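Every chain is numbered from 1, with letters handed out A, B, ... down the list of sequences. In this text, all values refer to a predicted model and were calculated from it rather than measured experimentally. When reading the values below, keep in mind they use all heavy atoms of this one structure, side chains included, and skip hydrogens, waters and symmetry mates.
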Number of protein chains: 2
Amino acid sequence: MAEDARGRLIDAAGRAFAERGFEGASVRDICSDAGVNVAAINYHFGDKQSLYVACLEQAQCSESRQTLRAADPSLPPEARLHGFIRGMLAAQGDPDRPRWHNSLMLREMAHPTAAAAAVLQRYIRPLADTLREILEQLSPGVSEMPHDGWPVGFSVVSQVLFYAVHRPVVRLLMGEAEHDALDVDFLADHITRFSLAALSRGPNIVGLSAAPSAGTRKTVPR
Amino acid sequence: MAEDARGRLIDAAGRAFAERGFEGASVRDICSDAGVNVAAINYHFGDKQSLYVACLEQAQCSESRQTLRAADPSLPPEARLHGFIRGMLAAQGDPDRPRWHNSLMLREMAHPTAAAAAVLQRYIRPLADTLREILEQLSPGVSEMPHDGWPVGFSVVSQVLFYAVHRPVVRLLMGEAEHDALDVDFLADHITRFSLAALSRGPNIVGLSAAPSAGTRKTVPR
DNA sequence: GATTGTTTCAAACAGACGTTTGAATTGTCA
DNA sequence: TGACAATTCAAACGTCTGTTTGAAACAATC
């Protein structure tokens with residue numbers, strides 16, 4: 001809490017926007033949370049909309065770098081895919097990074113604001129390019145498939161995004177206890193195996209995961 | 001437009017809530033769209049919140065039935081899976097059904113309202129049960145996998161939900177023209193093949209889809 | 001036609017909203 | 001210490017919010 005007013009405002013606003021949306025979060029609540037006067041928004045950012053954009057930019061900075069770093073180009077493609085998937089999953093629950101960074105980005109991805117389409121481009125495009133590169137490395141020819149192979153990439157990332165967007169549904173269906181047992185490592189392994197099997201680069205899902213899974217990573221080198 | 005005021009209000013409100021969220025949609029805009037007086041909300045529903053619940057219930061009625069019908073139990077499991085996936089995809093763009101039904105449900109799934117958790121349960125649960133039944137039929141033993149096989153089911157539905165939730169991102173990445181070429185039949189085939197291959201119930205994705213795909217459905221009987 | 005009950009209407013309500021103001025406070029450098 | 005800029009503050013701005021009111025319009029029954 002030793003930050004300056006500007007930093008505290010971005011943090012409080014980011015949490016509020018991620019949780020209740022742009023319209024649902026009031027400037028009075030945000031300022032009260034940040035421990036500053038309502039006029040501080042006008043002084044530091046101009047208006048509420050600009051504060052929102054500032055939050056979006058902050059969220060963008062910390063996000064994609066982490067995922068891209070996890071997909072180390074020097075590794076074999078199977079391990080790169082696993083790193084990519086694990087990186088995206090880990091970003092969701094990274095304690096080093098405010099949780100609202102991801103939620104806010106997801107909100108923006110589902111219902112883009114006019115002012116933030118550019119931010120989205122810079123945020124998404126590098127991730128998409130990296131994944132496509134990994135997939136092409138993994139299964140040469142995937143880029144020549146219908147629609148330039150986009151659907152294959154979407155089939156991979158969709159599995160990751162699902163746990164970020166539809167977490168409430170997962171909790172509802174599995175039950176509180178069982179849901180909490182789903183950790184990043186398990187999900188990363190599952191999604192990687194599912195995707196590799198679909199690309200015929202590993203044994204099928206059922207046969208593999210029926211074996212004891214904890215700690216053993218035979219098909220997914222790290 | 002021959003509906004009564006109550007029906008027109010639900011329709012206008014549903015569109016507004018789906019597009020701009022609960023807080024973002026004002027009762028004045030809704031009433032103006034519906035061509036009724038502002039007091040009509042209070043008269044027919046009590047308040048804005050109750051109008052929202054009425055929209056949610058209306059959206060629920062038309063949705064899951066359609067998908068469940070498409071997964072005809074008398075068919076072989078591969079065809080049932082294809083029907084299930086196609087049914088969910090078709091519901092997204094069904095012209096017989098207001099588009100907001102799906103959007104509103106997705107909003108609720110990502111950020112559930114306290115008042116509507118029950119509606120969500122009734123809406124999701126039958127779909128989940130049916131998919132798990134199909135998967136078990138397809139690959140006996142999937143229910144005994146870690147976490148009762150939920151992650152496998154999630155890997156399938158996530159691919160479908162992706163195109164509903166992240167349509168703006170798809171458009172952004174693929175470009176307007178290429179995006180518009182993605183029709184329901186193609187996506188249903190792709191997602192079914194990807195999932196069947198992951199379960200080792202079909203050829204792998206790349207090998208199959210490199211062949212001419214339009215109209216030929218060898219691995220996915222209907 | 002009078003008498004019901006139902007539905008619509010213009011107008012107003014109190015409160016919350018985002019934003020602005022001008023004075024008060026703090027920090028910085030001469 | 002004095003002067004100047006940067007920052008914070010309580011208070012108020014006008015507008016929009018969801019909701020309510022009581023009268024008017026309508027429909028149906030006798």
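Applying the side chain to side chain donor-acceptor pair (under 3.5 Å) rule to pairs touching residues 152-177 of chain B yields A:Ser155-B:Gln159, A:Gln159-B:Ser155, A:His190-B:Ser155, B:Gln159-B:Ser195, B:Arg167-B:His179, sequence neighbours excluded. Pairs engaging residues 35-48 of chain A under the side chain to side chain donor-acceptor pair (under 3.5 Å) rule: A:Asp47-A:Ser50 [sequence neighbours left out]. Counting only residues at least two apart or in different chains, salt bridge (Lys or Arg N to Asp or Glu O under 4.0 Å) contacts with residues 102-111 of chain A are absent. Residue pairs meeting the salt bridge (Lys or Arg N to Asp or Glu O under 4.0 Å) criterion with at least one member in residues 49-59 of chain B, sequence neighbours excluded, do not occur.
Within a heavy-atom distance below 4.0 Å of DNA chain C, the residues of residues 13-31 of chain A found are A:Ala25, A:Ser26, A:Val27, A:Arg28. Of all the residues in residues 38-53 of chain B, B:Val38, B:Ala39, B:Tyr43, B:His44 reach under 4.0 Å from DNA chain C with at least one non-hydrogen atom.
Protein chain A contacts DNA chain C from C:dC17 to C:dT21, reading 5' to 3' and using non-hydrogen atoms of the protein with a distance under 4.0 Å.
Not counting sequence neighbours, A:Arg132 has no partner by the salt bridge (Lys or Arg N to Asp or Glu O under 4.0 Å) test. Taking B:Phe45 as the reference, nothing meets the ring-ring contact (aromatic ring centres under 6.0 Å, His included) condition, with sequence neighbours excluded. Qualifying side chain to side chain contact (heavy atoms under 4.5 Å, CB included) partners for B:Ala18, counting only residues two or more places apart in sequence or in other chains: B:Trp100, B:Ser103, B:Leu104. In this structure A:Ala128 satisfies the side chain to side chain contact (heavy atoms under 4.5 Å, CB included) test together with A:Trp150, B:Leu173, sequence neighbours excluded. Taking B:Val184 as the reference, B:Arg86, B:Leu89, B:Ala90 meet the side chain to side chain contact (heavy atoms under 4.5 Å, CB included) condition, with sequence neighbours excluded.
Among all heavy-atom pairs drawn from A:Gln60 and A:Val119, the shortest one is OE1-CG1, 3.6 Å.
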